[in-house]
Amino acid sequence: MESEVLDELIEDIDQWSNFYIVSDDDSKQLAIFLGDELENQGISYSIILKGMEDSFKEDLHEDDLVLAISRSGRENHVRSMVKTALKSRVKVYAICSDFRSPLAMFADETIIINEDDDFELKVLEIIHEISMNLFKDASDSEYEIMKGAEHAPMPDPEGNVKSTMYGMIVKINVNVGDEVNEGDVIYIIEAMKMENEVSSNENGVVKEIFVKEGDNVIVGDSIMEIE
């Protein structure tokens, strides 16, 4: 069901007149990231936050589209704007983690994130899906999203250090042959417009580096080998 709703959302974004992203404060960065992806492709959008209820009501037209992003779906301003959109006969999609929330009940179509899952990560995966299916040149876009707050690399059985987030390598702090200790910052990755220092979780010697500064990486890409 979730995939069907997402497919319908992607199709509607491509067809409807104006696209509004309604967000609570906690999901503001997610809304901004989605907006950046839309802007890169020349798709018109507006991010609507708390305090913008009046202007939102004045600007709505029947052929507009709204996506509301809120973990709980219970914030008064989010609920109010969704009601306003529905009264204006605007189609409303919602992403939240509580199927009992007013947001889930009011929206025309809802994607429910399991409460045990990482809400931010799941929404970012949805944005990635939108990017890959909506944009013709998605492969060339800079997909800079965080997997989560943990910035320790993931080693595999072969000793390869793998990325734990989507982003761009902005600095590599080591060279092949360097000795590293657990806790040393080995590279810096930019994600969600923030630079994140990634530290080694083991002692060893850098045997090989698979990326260069400026490369975009996704979760699971090998960054370097430490043995």
J.: Locate the shortest heavy-atom distance separating M52 from I47; write the atom from each residue and the value.
T.: CE-O, 3.6 Å
J.: Do you know which two heavy atoms are closest between V90 and D108, and how far apart they sit?
T.: O-OD2, 3.8 Å
J.: For S199 versus V185, what's the shortest heavy-atom pair and its separation?
T.: OG-CG2, 3.9 Å
J.: At their closest point, which heavy atom of L34 faces which heavy atom of I127, and how far apart are they?
T.: CB-CD1, 3.9 Å
J.: Show the atom names and distances, to 0.1 Å, of all donor-acceptor pairs under 3.5 Å that link a side chain in residues 79-87 to residues at least two apart or in another chain.
T.:
unit_1, atom_1, unit_2, atom_2, d
R79, NH2, N76, OD1, 2.5
T84, OG1, S80, O, 3.0

J.: Judged by atom type as modelled, is there a donor-acceptor pair below 3.5 Å linking the side chain of D184 to the main-chain atoms of I186?
T.: no
J.: Could you walk me through whether L65 and I13 pass side chain to side chain contact (heavy atoms under 4.5 Å, CB included), step by step?
T.: CA-CA 7 Å; L65 181 68; I13 292 174; 4.0 Å; yes
J.: Is V180 reachable from V176 through a run of I, L, V, M, F, W or Y residues, each pair having side-chain heavy atoms under 4.5 Å apart?
T.: yes
J.: Please identify each residue that fulfils salt bridge (charged side-chain N to carboxylate O under 4.0 Å, His left out) with E58, with sequence neighbours left out.
T.: none
J.: Could you check whether E115 pairs with R100 (Lys NZ or Arg NE/NH1/NH2 to Asp/Glu carboxylate O, under 4.0 Å)?
T.: yes
J.: Test your reading of the model: is there a side-chain donor-acceptor pair from E11 to the backbone of L9, 3.5 Å cut-off?
T.: no
J.: According to the salt bridge (charged side-chain N to carboxylate O under 4.0 Å, His left out) rule, which pairs have a member within residues 206-216, sequence neighbours left out?
T.: K207-E227, K212-D215
J.: Between CG of D25 and OG of S70, what distance do you get to the nearest 0.5 Å?
T.: 10.0 Å
J.: Quick one: CD1 on I126 to CG on L67, what's the gap to the nearest 0.5 Å?
T.: 8.5 Å
J.: Side chains of V92 and F106: closer than 4.5 Å at any heavy-atom pair?
T.: no
J.: Rounded to the nearest 0.5 Å, how far apart are CD1 of I95 and CD1 of I111?
T.: 5.0 Å
J.: Decide yes or no for S88 and H61: does some side-chain heavy atom of the first lie under 4.5 Å from some side-chain heavy atom of the second?
T.: no
J.: Please determine whether a side-chain nitrogen of the Lys or Arg among R71 and D26 lies less than 4.0 Å from a carboxylate oxygen of the Asp or Glu.
T.: no
J.: Within a strict 4.5 Å, meaning less than it, do heavy atoms of the N203 and N181 side chains meet?
T.: yes
J.: Kindly indicate whether the side chain of C96, heavy atoms from C-beta on, has any atom under 4.5 Å from the side chain of T110.
T.: yes
J.: Please list, chain by chain and in numerical order, all residues satisfying salt bridge (charged side-chain N to carboxylate O under 4.0 Å, His left out) with K171, sequence neighbours excluded.
T.: none
J.: Hey, could you give me the CD1/CD distance between I226 and E202, rounded to the nearest 0.5 Å?
T.: 5.5 Å
J.: Just jot down the side-chain hydrogen bond (donor to acceptor under 3.5 Å, both in side chains) partners of S72, sequence neighbours excluded, or say none.
T.: E75
J.: Quick one: do I32 and V78 end up in the same hydrophobic cluster if we chain Ile, Leu, Val, Met, Phe, Trp and Tyr together by side-chain heavy atoms under 4.5 Å apart?
T.: yes
J.: Search all heavy atoms of K162 against all heavy atoms of S222 and return the closest pair with its distance.
T.: CE-OG, 3.9 Å
J.: Just checking, is any N or O donor in the side chain of Y20 or D59 under 3.5 Å from an acceptor N or O on the other one?
T.: no
J.: Spell out, yes or no, whether V205 and Y187 are grouped together once hydrophobic residues are joined by side-chain heavy atoms under 4.5 Å, including indirect joins.
T.: no
J.: May I ask you to test the S27-F119 pair for a side-chain heavy-atom distance under 4.5 Å?
T.: yes
J.: How many angstroms lie between atom CG of D118 and atom CG of L124, to the nearest 0.5 angstrom?
T.: 8.5 Å
J.: Taking the side chain as C-beta and beyond, is there a heavy-atom pair between I223 and I169 under 4.5 Å?
T.: yes
J.: Among residues at least two apart in sequence or on other chains, which ones pass side-chain hydrogen bond (donor to acceptor under 3.5 Å, both in side chains) with R89?
T.: none
J.: With rounding to the nearest 0.5 angstrom, report the CG to CD1 distance, D7 to I130.
T.: 10.5 Å
J.: Give the cluster check for V123 versus F99: same hydrophobic cluster or not, with ILVMFWY residues linked at side-chain heavy-atom distances below 4.5 Å.
T.: no
J.: Can you give me the closest heavy-atom contact between V5 and Y93, atom names plus distance?
T.: O-CE2, 3.8 Å
